[in-house]
Amino acid sequence: MTDSFDREITYLRLSVTDKCNLRCRYCMPAEGVCSLPHERMLSQEEMVMAVRASSELGIRKVRITGGEPLVKKNILSIVENVAAVPGIEKVAMTTNGTLLPSFARELKSAGLRSINISLDTLDAEKYRTISRVGNLEDALKGIECAVETGFERVKINTVLIGGFNDDEIEKLAGLTLRYPVDVRFIELMPMTQDDFFSPDSFIPGSVVLERLAPLERVAPDGSVARLYRLDAALGSVGIISPVSDLFCSECNRIRITADGYVKPCLHSRSEFLIKGLDYDGMKAVIEDAIMSKPARHSTLSYEERSSAGRSMNAIGG
Ligand code: SAM
Ligand code: SF4
């Protein structure tokens with residue numbers, strides 16, 4: 001359906017859990033995250049019902065996210081049931097990849113068509129620093145496994161952090177020369193308060209163009225990334241600029257959190273509860289949420305934090 005600003009809303013990001021096996025500094029606080037009790041979270045049946053209602057309202061693509069979707073016990077069944085909803089043309093997932101070797105084949109059989117894997121650095125020590133607990137080796141195995149499994153697309157998401165990984169832009173983009181993957185650099189959004197970040201951590205996506213010049217511009221793929229290609233590369237290099245170059249006027253998405261709220265805009269506090277509702281109730285609330293989608297979110301910077309009211313793991317980034 002079309003929202004109040006003439007944007008066609010076709011894309012749902014469905015968060016299946018707020019739990020995660022990593023604790024990335026830009027996403028979650030180090031401690032003090034208390035997960036809600038099981039009964040406050042959407043059940044699998046409610047998730048699938050919400051997807052059915054969303055599909056009736058024009059949603060065509062669902063991205064399963066979290067928290068970390070692969071720590072969710074019934075993830076294969078969720079993917080299978082979401083993929084079977086009439087009208088849903090594509091199911092994708094965003095994951096940190098560390099658990100992928102145990103799931104990749106079954107996810108593909110369940111109907112998952114493409115996968116985004118988060119990777120901010122190719123340095124093992126830096127990987128541990130940014131994720132607080134993770135091992136680079138596990139993430140790299142996840143990427144190799146995704147490529148071998150033959151998903152339609154494998155994308156690598158890199159959060160650009162000044163003074164941390166801007167010296168690795170060439171190396172990370174170089175993954176597109178070795179593997180059939182797209183590497184997308186995403187501007188750091190001010191979600192958490194962590195001393196690790198300073199005003200200099202927030203650098204614009206245009207830095208990628210400066211480091212990799214000359215880059216060939218390629219046609220957009222329907223996502224919010226501006227796409228380029230290195231000479232002889234197997235995949236594209238993308239830049240996603242939610243901070244320096246808002247894409248709100250093209251935003252076609254809504255989010256559903258694991259505790260059952262529809263979030264029409266990532267950076268707005270506005271949320272609509274669907275937990276506990278029947279099918280018609282859910283559909284009406286999702287419709288209201290779409291119609292209330294704001295024209296744009298507020299400006300973001302080191303000083304001007306996101307108004308999301310939740311950390312990213314609890315939204316479904
Ligand atoms: N756990 C999965 C993962 O890491 O891919 C899925 C959930 S995670 C919240 C989804 C995406 O949001 C990841 O690519 C992550 O890098 C990104 N993300 C989280 N916090 C962010 C922030 N403050 N700024 C930019 N991207 C962020
Ligand atoms: Fe977990 Fe993903 Fe957040 Fe990292 S970005 S803490 S992997 S949910």
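Atoms within a ligand are numbered from 1 in the order they appear, just like the ligands themselves.
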Proximal ligand 1 atoms for [X], defined as those under 4.0 Å from one of its heavy atoms:
{"X": "Glu68", "value": "1 (N), 2 (C)"}
{"X": "Gly67", "value": "1 (N), 2 (C), 6 (C), 7 (C)"}
{"X": "Gly66", "value": "7 (C), 9 (C)"}
{"X": "Asn157", "value": "14 (O)"}
{"X": "Glu187", "value": "25 (C)"}
{"X": "Thr65", "value": "6 (C), 7 (C)"}
{"X": "Thr94", "value": "2 (C), 5 (O), 6 (C), 10 (C)"}

Output yes when the distance from some N or O of ligand 1 to some N or O of [X] is under 3.5 Å, and no in every other case.
{"X": "Met189", "result": "yes"}
{"X": "Ser118", "result": "yes"}
{"X": "Asp120", "result": "no"}
{"X": "Thr95", "result": "yes"}

(request) Do me a favour and list the nearest non-hydrogen protein atom to atom 21 (C) of ligand 1 with residue, atom name and distance? (result) Tyr26 CD1, 3.5 Å

(request) Could you tell me the residue and atom name of the protein heavy atom closest to atom 19 (C) of ligand 1, and the distance to it rounded to 0.1 Å? (result) Met312 CG, 3.4 Å

(message) Given Val62, which partner from the list Val79, Leu14, Val85 fulfils the side chain to side chain contact (heavy atoms under 4.5 Å, CB included) test?
(response) Leu14

(message) Ring-plane angle category for Phe197 and Tyr26, please: parallel below 30°, perpendicular beyond 60°, tilted otherwise.
(response) tilted

(request) Ignoring hydrogens and angles, state whether a donor on the side chain of Asn165 or Thr121 is under 3.5 Å from an acceptor on the partner side chain. (result) no

(request) May I ask you to check whether over 12 heavy atoms, not counting those of Lys61, lie within 6.0 Å of atom NZ? (result) yes

(message) Other residues, nucleotides and ligands only: do more than 12 of their heavy atoms fall within 6.0 Å of CZ on Arg217?
(response) yes

(request) Cation-pi check, Lys275 to Tyr261: give yes when NZ or CZ is under 6.0 Å from the six-membered ring centre and within 45° of the ring axis, no otherwise. (result) no

(message) Could you check whether Arg253 makes a cation-pi contact with Tyr11, meaning its NZ or CZ is under 6.0 Å from the centre of the six-membered ring and within 45° of the ring axis?
(response) no

(request) For atom 1 (Fe) of ligand 2, check which protein N, O or S atoms are under 2.8 Å away and list them. (result) Cys20 SG

(request) Output yes when Glu216 and Arg229 qualify as a salt bridge under the 4.0 Å nitrogen-oxygen rule, no when they do not. (result) no

